[in-house]
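First comes the structure, then the notes that go with it.
When a residue number appears, it is its place in the shown sequence, counting from 1.
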Amino acid sequence: MCGIFGFHARSRLSLAAELDAATDLLAHRGPDGRGTFAARSPDGEWQVGLGHRRLSILDIEGSPQPMHSHDGRYTVVYNGEIYNYIELRAELVERGHRFVTQGDTEVLIEAWRAWGEDCLSRFNGMFAFLLWDNRTGRLIAARDPFGKKPLFVAEAEGVHAFASEIEPLRKFPGIDDRLDQDSLREYLAYRYVPGPATFFKGIAKVPPGTFMVLDGDRVSTTRYFTTPFSRTTPDITDFDEALRLFSDKLDAAVQLRLRSDAPFGAYLSGGLDSSMIVALMSRHMGKPVSTFSVGFDVPGSSELPYARQVADTFGTDHHELAVGMGEFTSVWEEAVLRRGAPVAEPSDLPVLLLSKMASRSVKMVLTGEGADELLGGYPKHRAEPWVALYQRLMPGVLHDAVMAPGARALPYALRRVKTVAGVAGIRDHQARMAAWFGGGDAELARALYAGPPASRALDPLPFTADGAASALKRMLHFDQTSWLPDNLLERGDRMMMAGSLEGRMPFMDVGLAELVARFPDAFLTGAPKGKRVLRTLAAHMLPQAIVTRKKVGFRVPVEQWFRIGMADRMRDLLQSGDATVRQVCNAGEIDRLMGEHLEGRQNHEKLLWALANLEQFFRIFRPTIGDAAPQSEAGYRLADSALR
């Protein structure tokens with residue numbers, strides 16, 4: 001796990017100093033090693049710069065980066081892990097390829113040499129890499145199928161620059177870092193920015209499952225992966241067969257992710273997903289699993305007792321962290337800085353704190369992330385298949401006039417009923433996907449937004465799954481192409497890497513997703529709490545109390561903290577005279593939400609958290625708001641050869 005930076009630019013620009021500075025801004029992602037590389041294309045017209053910060057997990061002493069192929073043709077900087085590198089290496093050796101290291105980076109290079117872009121579908125792992133071909137002068141940038149590893153791209157006159165995080169790109173000369181108003185509008189609806197956009201006009205995300213080729217001034221982007229849910233017809237009809245196949249595939253996914261030359265452990269929340277990962281890890285390890293759990297010092301808000309129960313069951317080497325309001329707020333600004341955006345979920349902050357603690361004894365952890373989005377674990381997954389029936393029976397006018405206002409008036413204690421009742425009548429598919437997150441409906445998002453009208457449409461990919469077999473599969477496709485890569489997986493990468501810790505996610509195995517897509521809906525949501533196939537498997541491996549207990553989720557007690565210890569800070573962020581959020585959003589609407597929450601009349605914790613983070617983002621990054629022109633090529637220094 002590492003941090004990478006690179007640029008592809010006209011040779012007349014002098015960028016050597018920027019390469020060093022940008023690489024060092026990623027030091028937290030890779031404290032174990034540093035390297036840079038610079039070269040020119042064969043025709044001399046273009047230059048490349050590659051920078052790398054290393055967190056050593058495999059072949060700790062033998063695989064420094066940037067890495068060069070044995071013949072000098074290829075140079076790569078790479079972030080991630082290719083779990084099946086041992087099998088790929090053996091196959092490549094049979095084809096006559098040479099290896100001088102024991103890690104997966106050289107396997108990546110030789111796989112590209114052997115198969116070109118087809119190697120991407122052979123990789124079982126998480127990755128983002130920049131590969132320079134010294135012979136052709138082409139730069140290839142690629143990202144893993146589900147977008148577990150980040151890769152941002154910024155384009156300016158004569159330059160493309162890439163990085164694992166946004167901050168090095170913002171400080172690179174010539175990049176347009178004005179606030180993207182469309183992203184602001186989308187953030188208020190989704191509480192995150194749907195890809196490929198970011199909050200900055202000149203910076204975008206390389207989409208998951210794609211690769212880019214830069215060849216002189218020609219740039220192409222190709223998608224090599226789409227989610228199985230968007231293209232698979234279920235064909236496994238026997239539940240016992242499905243359970244056996246699922247058990248074998250999940251166990252193999254866990255076992256494959258135990259490959260490491262550095263110490264590792266697991267994050268354990270005490271919920272079903274992470275508990276199953278720990279149970280399976282215990283099968284394959286000759287010593288106790290190191291487990292790490294985080295909870296809160298507010299009564300009724302901590303799952304630490306459940307995590308302790310699982311740890312005791314499997315005899316793990318267990319570590320706990322209880323977070324109070326002071327610790328929580330102490331890393332707030334750091335979390336926003338590392339995210340390069342407002343922190344969409346309060347749970348990012350305790351994950352950051354836990355990562356800092358865990359990294360003192362391990363370098364990598366397995367987590368249960370992605371299980372709900374794979375197996376239909378949220379209430380929305382059980383509700384969405386019924387939406388079409390509801391809309392046939394309930395006229396839209398009646399829903400808008402009676403049901404939606406009634407839902408908004410329900411107390412927060414009935415938040416799930418409140419969400420379902422309000423969302424079910426939304427006939428626009430895009431708007432409904434946003435509303436399921438429960439932060440607010442489209443009407444409220446429009447009331448908050450005070451900027452110009454939309455100038456672009458959303459990326460259609462998450463909303464187009466014509467090959468999906470059901471409404472549930474269409475929603476899972478959305479989750480895996482928008483909600484996960486643009487929100488939850490950003491937390492998993494940015495908050496862990498801020499603590500110099502790698503996270504691996506067995507539920508996000510492509511082969512496992514291919515299998516689950518073959519299951520009918522009943523094998524997923526055909527249980528009271530969803531994830532039927534996983535719950536059935538867990539009943540044979542976990543304490544019954546863990547399998548049957550109510551799903552709580554990783555809920556930070558910000559509702560209480562907003563009212564007691566954080567009220568003054570929230571007023572400063574959202575109601576002070578110099579608050580930028582009051583300039584770009586409707587100040588009256590902000591005041592209404594604050595008043596209702598602080599007086600205990602409604603719980604607006606999700607929206608208030610989103611707005612407070614928006615203000616934190618403005619204070620940390622200070623993006624230009626408005627139409628000020630970005631820097632042009634004149635903002636660069638010219639290379640000495642261009643000055644003569």
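- The aromatic rings of F129 and F123 lie perpendicular to each other, with more than 60° between the two planes, well past the 30° mark.
- Although no hydrogens or angles enter the test, the distance criterion places a donor-acceptor pair under 3.5 Å between the side chain of S164 and the main chain of I4.
- In this structure, a donor-acceptor pair under 3.5 Å is present between the side chains of H28 and E165.
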Any chance you could lay out the side chain to side chain contact (heavy atoms under 4.5 Å, CB included) test for R10 and Q47, step after step, and finish with the verdict? CA-CA 6 Å; R10 295 280 184 184; Q47 62 176 314; 6.0 Å; no

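- Under a cut-off of 6.0 angstrom, the local environment of CZ in R135 is sparse, with at most 12 non-hydrogen atoms contributed by other residues, nucleotides or ligands.
- Here CG of N134 is found 10.0 Å from OH of Y74. Values are rounded to the nearest 0.5 Å.
- In this structure, the ring of H68 has its center less than 6.0 angstrom from the ring center of F37.
- Here the two rings, on F172 and F5, have centers that are under 6.0 Å apart.
- When atom types are taken as modelled, the side chain of Q65 and the backbone of R54 share no donor-acceptor pair closer than 3.5 angstrom.
- A salt bridge between D486 and K205 is present, with a side-chain N of the basic residue lying under 4.0 Å from a carboxylate O of the acidic one.
- Cation-pi geometry between R231 and F225 is satisfied (NZ or CZ under 6.0 Å from the ring centre, within 45° of the ring normal).
- The distance between the ring centers of F200 and F617 falls below 6.0 angstrom.
- Applying the side chain to side chain donor-acceptor pair (under 3.5 Å) test to pairs two or more places apart or on separate chains, none has a residue in residues 138-148.
- The two residues S355 and M496 have their closest heavy-atom pair at OG-CA, 3.4 Å.
- Using a 4.0 Å cut-off between charged nitrogen and carboxylate oxygen, K201 and D180 do not count as a salt-bridge pair.
- Residue F478 forms a ring pair (Phe, Tyr, Trp, His ring centres under 6.0 Å) with just one option from W483, F229, F463, and that option is F463.
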Take K363 and L55 through the test side chain to side chain contact (heavy atoms under 4.5 Å, CB included) and record every step on the way to the result. CA-CA 8 Å; K363 282 194 170 184; L55 180 67; 4.3 Å; yes

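- A salt bridge is defined here as a Lys NZ or Arg NE, NH1 or NH2 lying under 4.0 Å from an Asp or Glu carboxylate O, and R456 with E186 meets this definition.
- Here the shortest heavy-atom pairing between A111 and L92 reads N-CD1, 3.8 Å.
- Distance alone, capped at 3.5 Å, places no donor-acceptor pair between the S482 side chain and the D479 backbone.
- What you find for A142 and L120 is that their closest heavy atoms are CB-CD2, 4.1 Å.
- When side chains are defined from C-beta on, V219 counts as touching H160, because their heavy atoms get closer than 4.5 Å.
- The residues R73 and D71 are annotated as not salt-bridged, no charged nitrogen and carboxylate oxygen being separated by less than 4.0 angstrom.
- Side chains of W332 and Q616 form a contact here, defined as non-hydrogen atoms less than 4.5 Å apart.
- If you take CD on Q181 and OG on S455, they are separated by 9.0 Å, rounding to the nearest 0.5 Å.
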Working note: I203 + I175, criterion side chain to side chain contact (heavy atoms under 4.5 Å, CB included); need CA distance, chi angles, decisive distance, verdict. CA-CA 8 Å; I203 303 175; I175 301 303; 3.9 Å; yes

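- A salt bridge is defined here as a Lys NZ or Arg NE, NH1 or NH2 lying under 4.0 Å from an Asp or Glu carboxylate O, and D509 with R257 meets this definition.
- Under 4.0 Å is where a charged nitrogen must lie from a carboxylate oxygen, and between R339 and E490 at least one such pair does.
- Across all their heavy atoms, G44 and R40 have their closest contact at O-NH1, 4.0 Å.
- The existence of a salt bridge linking E345 and R191 is confirmed by a sub-4.0 Å separation between a basic side-chain nitrogen and an acidic carboxylate oxygen.
- S230 places no side-chain N or O within donor-acceptor distance of the main-chain N or O of A465, the cut-off being under 3.5 Å.
- Side chain of R29 to backbone of C2: a donor-acceptor contact under 3.5 angstrom is found.
- Taking 4.0 Å as the cut-off between side-chain N and carboxylate O, R338 and E167 do not count as a salt-bridged pair.
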Do Y187 and F199 pass the ring pair (Phe, Tyr, Trp, His ring centres under 6.0 Å) test, and can you show the C-alpha distance, the side-chain angles, and the key distance before you say yes or no? CA-CA 9 Å; Y187 173 77; F199 266 97; 5.5 Å; yes

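- Taking CD of E91 as the reference point, atom CD1 of I86 lies at 14.5 Å (rounded to 0.5 Å).
- Between R259 and E87 a salt bridge is recorded (basic side-chain N to carboxylate O distance below 4.0 Å).
- Between D24 and R34 there is a salt bridge, since a side-chain N of the basic residue sits under 4.0 Å from a carboxylate O of the acidic one.
- A donor-acceptor pair is defined here as one N or O able to donate and one able to accept, closer than 3.5 Å; no such pair exists between the side chain of D215 and the backbone of R218.
- Looking at heavy atoms from C-beta onward, L139 lies in side-chain contact with L130 at the 4.5 angstrom threshold.
- Counting only distance, with no hydrogens or angles, the side chain of S11 and the backbone of E45 share a donor-acceptor pair below 3.5 Å.
- Each of Y83, Y78, Y85 was compared with D104 under the side chain to side chain donor-acceptor pair (under 3.5 Å) criterion, and only Y78 meets it.
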Begin from the C-alpha positions of T198 and V193 and carry the test side chain to side chain contact (heavy atoms under 4.5 Å, CB included) through to its verdict. CA-CA 6 Å; T198 73; V193 177; 5.6 Å; no

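- For the pair R622 and T580, the minimum side-chain heavy-atom distance is 4.5 Å or more.
- Interatomic distance, CG of L476 versus OG1 of T481, reported as 10.5 Å (0.5 Å rounding).
- Looking only at side-chain heavy atoms (C-beta outward), V510 and N124 stay at 4.5 Å or farther from each other.
- Two residues are said to be in side-chain contact when any heavy atoms from C-beta on lie closer than 4.5 Å; W132 and V77 fail this criterion.
- A donor-acceptor contact shorter than 3.5 Å is absent between the side chain of T36 and the backbone of G51.
- By the 4.5 Å heavy-atom criterion applied to side chains, L366 and P506 are counted as neighbours.
- The aromatic rings of F292 and Y267 sit perpendicular to each other, their planes meeting at more than 60°, with 30° as the lower class boundary.
- Side-chain atoms of E106 come within 3.5 Å of backbone N or O of T101 as a donor-acceptor pair.
- Rounded to the nearest 0.5 angstrom, L13 CG and E157 CD are separated by 9.0 Å.
- Relative to the ring axis of F99, R89 places its NZ or CZ within 45° and under 6.0 Å from the centre.
- The CD atom of E615 sits 10.0 Å away from the CD1 atom of I620 when rounded to the nearest 0.5 Å.
- Pairing each heavy atom of L25 with each of P168, the nearest pair is CD1-CA, 3.8 Å.
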Worked check of side chain to side chain donor-acceptor pair (under 3.5 Å) between T136 and D133: CA-CA 6 Å; T136 65; D133 186 335; 3.2 Å; yes

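- By the 6.0 Å and 45° rule, R122 stacks over the aromatic ring of W115.
- In this structure, P150 and R494 have side chains that are in contact, with non-hydrogen atoms separated by less than 4.5 Å.
- In terms of modelled atom types and a separation under 3.5 Å, the side chain of H8 and the main chain of G49 share no donor-acceptor contact.
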